[in-house]
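See structure below.
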Protein chains: 2
Amino acid sequence: MSNKKSSREKILEAATELFHLKGYHATGLSQIIQESGAPKGSLYYHFPNGKEQLAVEAINLSATRIAAEIKQNLAVYEDPVKAFQYHIESISSIFHSIEPISNLKNVPMGLLAMETAFVNENLRQACEETFELWGNLYFEKLRSSGYSEERAFLISKTLSALIEGAITLCITKKSSEHLIHINKMIPLLLTK
Amino acid sequence: MSNKKSSREKILEAATELFHLKGYHATGLSQIIQESGAPKGSLYYHFPNGKEQLAVEAINLSATRIAAEIKQNLAVYEDPVKAFQYHIESISSIFHSIEPISNLKNVPMGLLAMETAFVNENLRQACEETFELWGNLYFEKLRSSGYSEERAFLISKTLSALIEGAITLCITKKSSEHLIHINKMIPLLLTK
DNA sequence: GTCTATAGGCAGATAGAC
DNA sequence: GTCTATCTGCCTATAGAC
């Protein structure tokens, strides 16, 4: 109930932002502490397993947050085409703000995923489960909109790849362009 | 004409593989030298600007290589649907081999792109141009298959995102699954 | 072209006082 | 819960000999 976030929360929050933005290897623990404003000595108290634990929790945190956002976005319209277009627009709006960096907190899971895939099995698994979770939400929306299991499966997999790839390209270009383009293909893609 | 690669080539080769596989920040110059088998003292002779120069050249190298492969793959079939499906299959075949890691040399440009987007403008630009180059090849194939400029533009952008995203998911899962799924959607996606 | 030696910094992690 | 001090190791980069 306290208004101020606990040190643990502040550290995890800063870590989540930095990991998703700069990546795992480019982010130092010292920077996390600094940006969090938390006491310097508290990191290893709250996260005894250090950097890896911090990253796992960061992945899980934004996995849950984004999942909630996906659910919310897809529920705005009953029509699946409109719903997914709304969702993609909502992602692309991040790039419109003047300072997109601070808003990109959770979005680019792909960075952490590729960085760790061959290097750290725990982190790789956390990322894999995250993508699975998000894809399942797409699947459910399609199922409840009357798509057959086969179609829903295929389309949800395609949407997962398409959105993740478009985010990659948007970050590279520092522009929402690509997400806006793919949005025009959603009606065709969602053919029953 | 010499059979042995020059030291410069060997270093660049090793750097290209490691950067694309583990990423920019997780790859040390010492490891590059070690894997290349090149003389230890030669790195800064051939690449006076150190790690950044090495990375720019690595990006350009695999940009060119993949571009050649894309051209080749898309030329196998005249029918664009078959051509793109062949191309995607050819990418996915990388994941089938017993030791996929060594074959992933150039594929995951997205890793380098996201790692450097907010951190190093030179590298970011090199990645942006690479994506542009590959996308243009998709566009040309569609144009020469009779697609309108608008359609070709939209579809090529979609294909770029879709393929890049599917690669991300395949690497995360260490499986070719996702690329195979999206391949089934190509006919629908290429609707004129 | 290649080598050694080394600077100088920062990384992640631990021990022990408070 | 938090702090300071410190260890160990790796990193990029440079200087100067061969």
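This structure is a prediction, so every number in the text was calculated from the model and none was measured. Here is how names work: the chains are called A, B, and so on, in the same order as the sequence lines, proteins then strands, and each is numbered from 1.
Using bins of under 30°, 30° to 60° and over 60° for the plane-to-plane angle, the ring pair B/H181/A/F153 lands in the perpendicular bin.
With distances taken from any side-chain atom of A/Y44 to the nucleotides D/dC3, D/dC11, C/dT14, the minimum falls on C/dT14. Of all nucleotides listed (D/dT12, D/dT2, D/dC11), D/dT12 comes nearest to the side chain of B/K51. For B/L29, whose side chain is taken as the heavy atoms from C-beta onward, the closest listed nucleotide among C/dA13, D/dT12, D/dG1 is D/dT12.
Between A/S7 and D/dG1, a side-chain N or O to OP1/OP2 separation shorter than 4.0 Å is absent. Not one side-chain nitrogen or oxygen of A/K40 sits closer than 4.0 Å to the OP1 or OP2 atom of D/dC3. For C/dT2, the OP1/OP2 oxygens have no side-chain nitrogen or oxygen of B/Y45 closer than 4.0 Å. Neither OP1 nor OP2 of C/dA11 sits under 4.0 Å from any side-chain N or O of B/H25.
Separating the CD atom of A/Q34 from the C1' atom of C/dA11 is a distance of 15 Å, rounded to the nearest angstrom. Distance, B/I33 CD1 to C/dG1 P: 14 Å, rounded to whole Å. The separation between B/K22 atom NZ and D/dC11 atom C1' is 13 Å, rounded to whole Å.
Looking at which nucleotide of DNA chain C each of B/R8 and A/N49 is closest to, the 5′-most match is held by B/R8.
Side-chain atoms of A/Q125 and A/E129 include no donor-acceptor pair closer than 3.5 Å.
For the pair B/Y138 and B/I163, the minimum side-chain heavy-atom distance is below 4.5 Å.
At a threshold of 4.0 Å, the pair A/R65-A/E13 counts as salt-bridged, since one of the basic side-chain nitrogens sits closer than that to a carboxylate oxygen.
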